[in-house]
Structures are given as structure tokens and as C-alpha cells.
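A short worksheet on the structure shown next.
Along the sequence shown, residues carry numbers from 1. Only heavy atoms go into these numbers, but all of them, side chains included; no hydrogens, no water, no symmetry mates.
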Amino acid sequence: MPGFDFQQRQTQSQVQALSQKQLQSLKLLSLGSQDLRSEIYSMAENNPALSIKNDSMENGVDINIKNHYKMDLTKTSSRTSKEQEAASENFQAILESQTDERETLQEHLLHQLNVLSLSSRQKELAEKLIYNLDDKGFHILNPLTIKKQNESEEFLEETISLIQNFDPVGTCTKDFSESLYVQAKQNTKCPPLALWILNGHLDFLDPPKIERVAKKISMYVKEQKNMFASKENLESLSYTDKEIENAINFIKTLDPFPAKNFGAGHTHFVSPDVIVEKLSTSYEDDDFEKGIVSVENNSWLLKATKNNIPELQLNPEIKNLLKEKNNINDEDKKKLAEQLRDAKDFINTINYRQSTILRACLYIVKIQHKFFEKGNGNLVPLRMKDIADFLGVHETTVSRMANSKYIQCEWGIFEIKYFFTNSIVAPASLRNKNENNESSGNDISRVQENTSKDMVLNEITKILEENKNSGKALSDNKIAAILESRGIKISRRTVAKYRSQLNIQSSYNR
């Protein structure tokens, strides 16, 4: 046909194909601990060469026993005490495996939430907080990681307080001590001393003996009076023996676990992959091999959690079969050898996953040490590319690693992604000025390279808090000027945007 020219050309290109082992490694790295457990059990079921040596999260009763155990374990017999104990444990496990048809805590709280007239934004946050509660009614993840970035901490605290006063009072709290404090605050009959004890002084009740408690309170009051900058007003605190007795008796009426009478839901519980513990002894240098990070006279110990992942081993029976030359034919021997090799690769991949997560977290703590020292509002810029360069892997590998993985520290449990934040970019006028005068000693843009959006939002909140009693609301221009004096140069429009994200009105409306 005219106008058409068919030609055959040969081209050469480089294409990297991932091996099955590499694909498996990337897959396991992207899985959270719960999904990884399912993958491990699936692999062990399909490959007889892979054996689960121990699983601390299992109750020890095999599913087949639950379904087919016909013996009446409630009857007495002449079996040995060891057998009786095992039978009793199995029977208890069977009872515990029955479906719990009671109303769950989440259902109970959501019923109360749905009858309230709330904004869609607050209702959405409240639902997230409710689904973030464990079977005791305590936070699973730190609530700071639940809220959206444009929602202020004040809005978060207001919503948490709302749920805390639902029935049962005292859920949506950090732990049992905060739950007791919330219950006491709502009770009009709570003695003032009981409320004071529950507000950070619960350890004074160990043991709950009047004379011992009185001595501890007396010593504490004297220490606070001798402190130069003590913020606690103890002038009106009264702690006679009778008042201490009344306080102890009142606290005994409170329930440290108010959610215990509700059914067990199907909540996806979060288990930390790495635990960060601040050490009392400071080390001069890092020791990543031992999991130690040291910065500015502070040291932290990082440990990868192992109790949420089953312990694996190669099936010793398969290994013995391969050693026997006469009892197995060549075809079966080849098949068993392949299964054994796959099992070894799987175990090595699991170990690689664990070590990669731990190494990444070591670097995160090294960079974000201010957060682990002081808490929220102290994150510095950190990109996934920085972690990738440290680990010697691709950035997408870090993205997979950070997916559904969690770090536990003294401030709560945080998703690894929480620690990645971009730096604040200086305005174009300031960047041009610095490019034309690189020798300038007052280079604010260099300061901003270490300033994250998290830090700026926290700084704006501090500025507004410091000036709330000044009689005149700060304008966005004034906030920008104060930020610049603190080494953060951003435009008035950026201040207005961040103020809006904090749900703070303009100076005209304030």
C-alpha cells in the first residue's frame, strides 16, 4: 500500500528484573506486624520445611483441638495433676474462643456520639479517637497522630474531653491513672485531696497507709516550697489524717478499667515494632550495633520487639530426611531441598526486615532527638531520601518500610511516617539576598533549613499563648515579625495559612 513503509529494527536496552527473593523481601518489608503474622502462618502451612518454634501471642490451643476435642474436661478423673492442669487450660481456652455477643465499647460510645449535635469535623475526629481505643478504653496510638495536621491541639483536647465524659466515664485516656483522675473530676463528691493525689501523685498511695501518705505529702510540700520556680500552689492544700482517709476511701470507689464490662470487638490492635527507652546513663558516642543513640548528653536504647512475630526455625524432620540416602528417592529429595532452601530464604528475609526497620529508627532518633527528649513540637526536617541514603536503599524501599510500622517512646506510640516532615522554605526575596551576599553572617535561610512545619505551627501556638492576656490580638504581620526575630522567616500569607490550619481565627475575629 502506498504511504506505508514496514521496517524491522533491532534495539538494545537494559532492564533490571527483580528476582523472586527480592520481590518477597519488598513485600514483607511493606507489611505491618498483623499482616506479617498472617503471611508467616500461610508460609508455614504451605512449606513443611518451615516450622514455628514459638509464638508468644498464641494462647497455646491448636485450632484442631478447639474443633475436635470431644473429652468432657469438666469431669474429675484419676489423671495426674499435670494432665489435669493441661486439660483445664485447654477447656478455659475453648471458653475464651467463644463469640462475645456483648455490646463493644466502640458501639456503646458511638451510640452516644451520634445523638449529639456536632460539626462534621469534630464528629469525624471523635470517631477516629473511639476506634483508637483498646479493650481497656485507653489510647492505642498517641492522639496527636490521629488528628489532621490542620487541626489544633486545643480542638483535639476538647474532643477527647467530650468522649472521656461519655458513659462509662474515664475512657479515651492514656492509662488507668488518667482514667481515675477523669472520673474524680466529674464526681461532685470528690474530696479536694483525692483530686490532688490523682493529678500526678498516685504513687503517694503506695502503700495506702495514712501515716505513710501524710509523710510523703509533707516532704513533697517542703521540697516545692524550697524550689525557686515551683508553679504549684500548695498554700491551700490540707492533708489531715481524716482528709487522707476520706481521699483513700473515695479513690477505692473508682474503677481503673471502666471498659472491662464490654464485649471484645474486632479492633486492629497496634503493636510497636521498635521501643525507644531513654537511658539514665549518657554515652559519649553512638553504638548502633547495640541499639544506642547518643546526642547532647542524652542517650536512648532502641529495641526491636519480637513478641508480636512468631519465632521461626527449619523443620528438623526435613533436615534429617535429606541426610537419609536410602529412604528417599531423588525426586522427593530434590523437592525437599527446594522447600528447605525457600524456608531459609524466608527466615533470612524476615531477619532483614527487622534489621532494616531498627536501623532506620536509629537514624530517626538521631535526627529527631529533640522530639524524643522534649515531645511534640520539636520535629526537624527529615526526608525519606535521607533515610534511604543512610540505609543504602531506594527511597521507595523506605516508603514501604514506614508503612504501618510504629515506634513506642515515653510520649506514646507513633507511626514511623509521623517523623518525616519538610523544611520551611525562605521567601524568594530572602533567598535572592543570600545568593547575592553569601558571606552574610545573619543568614536566616540557614536557620530555616533546620526548621520544620511542625516547629513553626508549635511556635505560632506559643506566640499566641504568650500574648493572649496582652489586651490586643496579634495580627498576622506581627506574628510574622516575632517569628523572624526567632530565626523563622515566613510571609504574612503563610502565617495566615498556618493560623487557619490551627483553627485560630484572625485578629479581627479574636
Side-chain angles (χ1 to χ4, degrees), residues 25-26 29-32 141-142 144-151 272-274 276 286 288 291 293-296 298 300 302 304 352-409 411-428 430-431 434-435 443-460 483 486-491 494 497-498 501:
S25 177
L26 292 174
L29 191 61
S30 65
L31 296 178
L141 288 177
N142 189 305
L144 289 171
T145 66
I146 299 297
K147 74 177 185 68
K148 294 179 180 177
Q149 197 169 29
N150 62 349
E151 294 172 338
D273 295 89
V274 174
V276 181
D286 298 329
F288 280 10
V293 175
S294 296
V295 187
E296 297 178 0
N298 290 305
W300 292 269
L302 279 70
Y352 169 77
R353 174 191 182 274
Q354 297 299 89
S355 64
T356 300
I357 294 172
L358 181 60
R359 287 170 59 215
C361 290
L362 285 165
Y363 190 74
I364 288 173
V365 174
K366 183 73 175 177
I367 300 300
Q368 304 290 13
H369 63 93
K370 287 293 183 184
F371 171 89
F372 290 94
E373 180 185 351
K374 299 179 180 180
N376 185 49
N378 291 282
L379 291 180
V380 300
L382 178 62
R383 304 169 302 169
M384 287 189 179
K385 185 178 184 304
D386 300 326
I387 300 293
D389 292 342
F390 171 74
L391 296 176
V393 297
H394 195 272
E395 190 174 343
T396 56
T397 302
V398 175
S399 179
R400 290 187 177 94
M401 180 278 301
N403 182 45
S404 301
K405 313 296 187 307
Y406 300 89
I407 294 178
Q408 178 179 315
C409 63
W411 311 112
I413 299 179
F414 297 83
E415 192 171 9
I416 288 179
K417 288 182 178 179
Y418 177 78
F419 297 97
F420 296 109
T421 176
N422 294 327
S423 60
I424 300 300
V425 180
L430 182 63
R431 292 198 304 271
N434 289 325
E435 288 171 4
D443 189 348
I444 298 178
S445 66
R446 292 180 184 174
V447 177
Q448 298 200 176
E449 289 177 0
N450 294 318
T451 304
S452 68
K453 181 179 178 181
D454 176 74
M455 296 174 70
V456 176
L457 291 172
N458 188 56
E459 205 64 37
I460 291 175
L483 285 171
R486 299 183 182 184
I488 302 171
K489 177 70 174 180
I490 56 177
S491 67
T494 304
K497 184 177 87 172
Y498 286 177
Q501 289 179 3

To the nearest 0.5 Å, how far apart are [atom1] in [X] and [atom2] in [Y]?
| X | Y | atom1 | atom2 | answer |
| --- | --- | --- | --- | --- |
| Leu379 | Ile367 | CG | CD1 | 12.0 Å |
| Tyr418 | Leu144 | OH | CG | 5.0 Å |
| Cys409 | Phe371 | SG | CZ | 5.0 Å |
| Phe390 | Ile364 | CZ | CD1 | 10.5 Å |
| Gln408 | Cys361 | CD | SG | 12.5 Å |
| Ile416 | Asp273 | CD1 | CG | 6.0 Å |

Taking only residues at least two apart or on different chains, which pairs with a member in residues 394-408 satisfy salt bridge (charged side-chain N to carboxylate O under 4.0 Å, His left out)?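 Counting only pairs at least two positions apart or across chains, no salt bridge (charged side-chain N to carboxylate O under 4.0 Å, His left out) contact touches residues 394-408.
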Going by side-chain hydrogen bond (donor to acceptor under 3.5 Å, both in side chains), name the residues that satisfy it together with [X], two or more places apart in sequence or in a different chain.
| X | answer |
| --- | --- |
| Thr421 | none |
| Asn403 | none |
| Thr396 | His394 |
| Thr397 | none |

For Gly375, does its backbone N or O pair with a side-chain atom of Asn378 as donor and acceptor, under 3.5 Å?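 Pair found, side chain donor or acceptor close to backbone of Gly375.
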Determine whether Val293 and His369 satisfy the following criterion, side-chain contact (heavy atoms from CB on, under 4.5 Å), listing intermediate values before the conclusion. CA-CA 9 Å; Val293 175; His369 63 93; over 6 Å; no
Can you sort out the partners of Phe420 under ring-ring contact (aromatic ring centres under 6.0 Å, His included), two or more places apart, ordered by chain and number?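 Scan of Phe420 (ring-ring contact (aromatic ring centres under 6.0 Å, His included), adjacent residues dropped) gives none.
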Check each of Asn142, Leu141, Thr145 against Ile413 using the side-chain contact (heavy atoms from CB on, under 4.5 Å) test, and report the only one that passes.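 Option passing the side-chain contact (heavy atoms from CB on, under 4.5 Å) with Ile413: Leu141.
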Among Leu302, Leu362, Val365, find the one that has a side-chain contact (heavy atoms from CB on, under 4.5 Å) with Val274.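 Single side-chain contact (heavy atoms from CB on, under 4.5 Å) partner of Val274 among Leu302, Leu362, Val365: Leu302.
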Check side chain to side chain contact (heavy atoms under 4.5 Å, CB included) between Glu415 and all other residues, then give those that pass, not counting sequence neighbours.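 Tyr406, Lys417.
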Please list, chain by chain and in numerical order, all residues satisfying salt bridge (charged side-chain N to carboxylate O under 4.0 Å, His left out) with Glu151, sequence neighbours excluded.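 So Glu151 forms no salt bridge (charged side-chain N to carboxylate O under 4.0 Å, His left out) with any residue.
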From Trp411, Phe419, Phe414, residue fulfilling ring-ring contact (aromatic ring centres under 6.0 Å, His included) relative to Phe372: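 Among Trp411, Phe419, Phe414, the one that satisfies the ring-ring contact (aromatic ring centres under 6.0 Å, His included) with Phe372 is Phe419.
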Sorted by first residue and then second, give each side chain to side chain donor-acceptor pair (under 3.5 Å) pair with at least one member in residues 352-366; sequence neighbours left out.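 Of all non-adjacent pairs touching residues 352-366, those that pass side chain to side chain donor-acceptor pair (under 3.5 Å) are Asp286-Lys366.
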Criterion side-chain contact (heavy atoms from CB on, under 4.5 Å) on Leu483 and Ile490, from CA distance to verdict: CA-CA 8 Å; Leu483 285 171; Ile490 56 177; 3.7 Å; yes
